[in-house]
Amino acid sequence: MSAPVLAGRLGRAGPRREGRERIRRLILLTTALAVVGVGVVACGGGSEPAAGAAASTQATAGPVTGEAASPRSGATRPGASEAGAAGAGTAAPGLRIVVTGLAAPWDVAFLPSGEALISERDSGRIIRLPAGGGRATEVARLPGVVHRGESGLLGLAVSPSFATDRLVYAYYTSATDNRIVRFRLSGDRAEAPTPILTGLADAAVHNGGRIRFGPDGLLYAGVGDAGVRSRAQDRSSLNGKILRMRPDGGVPPGNPFPSSLVYSLGHRNVQGLAWDSAGRLWASEFGQDRLDEINLIVPGGNYGWPGVEGTGDTDGGRLRNPLATWTTAEASPSGIAIRGDTLYVAALRGQRLWELDLAGTAVRGRPRALFTGELGRLRAAVAAPDGSVWLLTNNTDGRGAPKPGDDRIVALR
């Protein structure tokens, strides 16, 4: 009932009755408007609660076993479509749409030409996007990729010597393991991949998967515990670790443990790796059901999982605490990127981009949330050659609420 109709009826009541009636109807009207307001929020854009008490309540409501589903998850996933041209659709202020129509994209790696290679988790496809924009085309479909849950084709990396060796690296799940392979890419032709590391335990959750070449020319990999917590503290296991290896997969000199690829341990599920201007390695970490983390990685460092989640007892200095944490409802952090002194963290369940100010080996001030609920689930943040930061949405991964044009890549200028 509208306010004008209520006012008209109230005008025909006697003075005393009119007062009582007005109060009663105003109470009813206020209650009705409150109910309508709640309905609009509940049916709205599918964003997580704002940071604070509401988010903390949701984060501790039950165990989070993987890349927790965002609100309105379970929406029908559209079929894989051809990637659209850059500039399709509209973007929030400060963002530029790079490409649309992707199917669960997981990572981006740039060629020296400025062209981008994009991995699609479920299909096993690697597609190439022209440097100047245009339609993305498939250049490879890796054989033997198996997708279940969070597994499939995950991270990509381009050899620092690509101009001469033409090598591209990929981390993916096979029928028997997680593995890292490399293949030569010549024009539009990709040669058969060659494994450089096999036998990493796989599961439907906690596969890690981000690979990056560091400033030292060596390949680093975030490897999850694949659902078995004890692996993170077992130095004989490569799971629950950050690994450091030669481009051929061998153990490089200078690793903290003799004859081992292990660079750091005590990790649950690392999906973000990035270096700052001083060559320091930073990583994102999925928490279980309390706190997600940003860590500064040191050789041989032990980051506490499964004994510690978030900040805790360092056991006499044996364990290292994170430099930033969030509730799992606010983040569930995947890929990260560093531009200048700013670290960007792509949040899946949190459906936002976190921005942190770095001050040497510390984080200065409080992290800031950008684009909350505007883009949906964010899988990765990747520094692009033009100085922008590319953000990959993951609304078609089976846990999001796809919008027209999803999934997409947008550039933060």
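Throughout, residue positions are numbered sequentially from 1 according to the sequence presented.
With no hydrogens or angles considered, a side-chain donor-acceptor pair links R210 and S334 at under 3.5 Å. One side chain, N394 or R379, offers a donor N or O that lies under 3.5 Å from an acceptor on the other. Between the side chains of N302 and Q233, a donor-acceptor pair is found at a separation under 3.5 Å. A donor-acceptor contact closer than 3.5 angstrom is absent between the side chains of E374 and Q351. Using modelled atom types, one finds no donor on one side chain facing an acceptor on the other under 3.5 Å when comparing E150 with H206. A donor and an acceptor atom, one from each side chain of R244 and N255, are located under 3.5 Å apart.
In this view, R280 and D276 satisfy the side-chain hydrogen bond (donor to acceptor under 3.5 Å, both in side chains) rule, not counting sequence neighbours. Among residues two or more places apart in sequence or in another chain, the side-chain hydrogen bond (donor to acceptor under 3.5 Å, both in side chains) test is passed with S151 by none. When the ring-ring contact (aromatic ring centres under 6.0 Å, His included) test is applied to W282, no partner is found at least two apart in sequence or on another chain. Here W106 pairs with nothing under the ring-ring contact (aromatic ring centres under 6.0 Å, His included) rule; sequence neighbours left out. Listed by chain and residue number, nothing satisfies the salt bridge (charged side-chain N to carboxylate O under 4.0 Å, His left out) test with R339 (two or more places apart in sequence, or in another chain). Partners of Y220 by ring-ring contact (aromatic ring centres under 6.0 Å, His included), not counting sequence neighbours, listed by chain and number: Y263, W275. For N178, the side-chain hydrogen bond (donor to acceptor under 3.5 Å, both in side chains) test picks out T173, N207, with sequence neighbours left out. Qualifying side-chain hydrogen bond (donor to acceptor under 3.5 Å, both in side chains) partners for R368, counting only residues two or more places apart in sequence or in other chains: E355, D357. The ring-ring contact (aromatic ring centres under 6.0 Å, His included) check on Y344 picks up nothing, with sequence neighbours excluded. Every side chain to side chain contact (heavy atoms under 4.5 Å, CB included) that S161 has, sequence neighbours left out, goes to S159, T164, D165.
Considering all non-hydrogen atoms of both residues, T393 and D406 come closest at OG1-OD1, 3.8 Å. In terms of heavy atoms, G350 sits closest to R352 at O-NE, 2.7 Å. Taking all atoms of both residues into account, the shortest heavy-atom contact from T372 to A369 is OG1-CB, 3.8 Å.
Between T325 and D292, every side-chain heavy-atom pair lies at or beyond the 4.5 Å cut-off. Side-chain contact between D407 and P402 is absent, with no heavy-atom pair separated by less than 4.5 Å. Contact check for R408 versus I97: side-chain heavy atoms found under the 4.5 Å cut-off. Here the side chains of N295 and L323 are not in contact, with every heavy-atom distance at 4.5 Å or above.
Contacts classified as salt bridge (Lys or Arg N to Asp or Glu O under 4.0 Å) and involving residues 177-188 (residues at least two apart or in different chains) are given here: R128-D188, D177-R179. Annotation: ring pair (Phe, Tyr, Trp, His ring centres under 6.0 Å) contacts involving residues 140-174, sequence neighbours excluded, comprise Y169-F213.
Enclosure of atom CZ in R141 by more than 12 non-hydrogen atoms of other residues, nucleotides or ligands within 6.0 angstrom is indicated.
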With side chain to side chain contact (heavy atoms under 4.5 Å, CB included) as the test, would you mind laying out the steps for V262 and K241 before giving the verdict? CA-CA 6 Å; V262 173; K241 313 293 191 300; 4.1 Å; yes
For side chain to side chain contact (heavy atoms under 4.5 Å, CB included), just list the numbers for L358 and V363, CA-CA rounded to whole Å, side-chain angles, deciding distance to a tenth of an Å, and then say yes or no. CA-CA 5 Å; L358 302 182; V363 174; 4.1 Å; yes
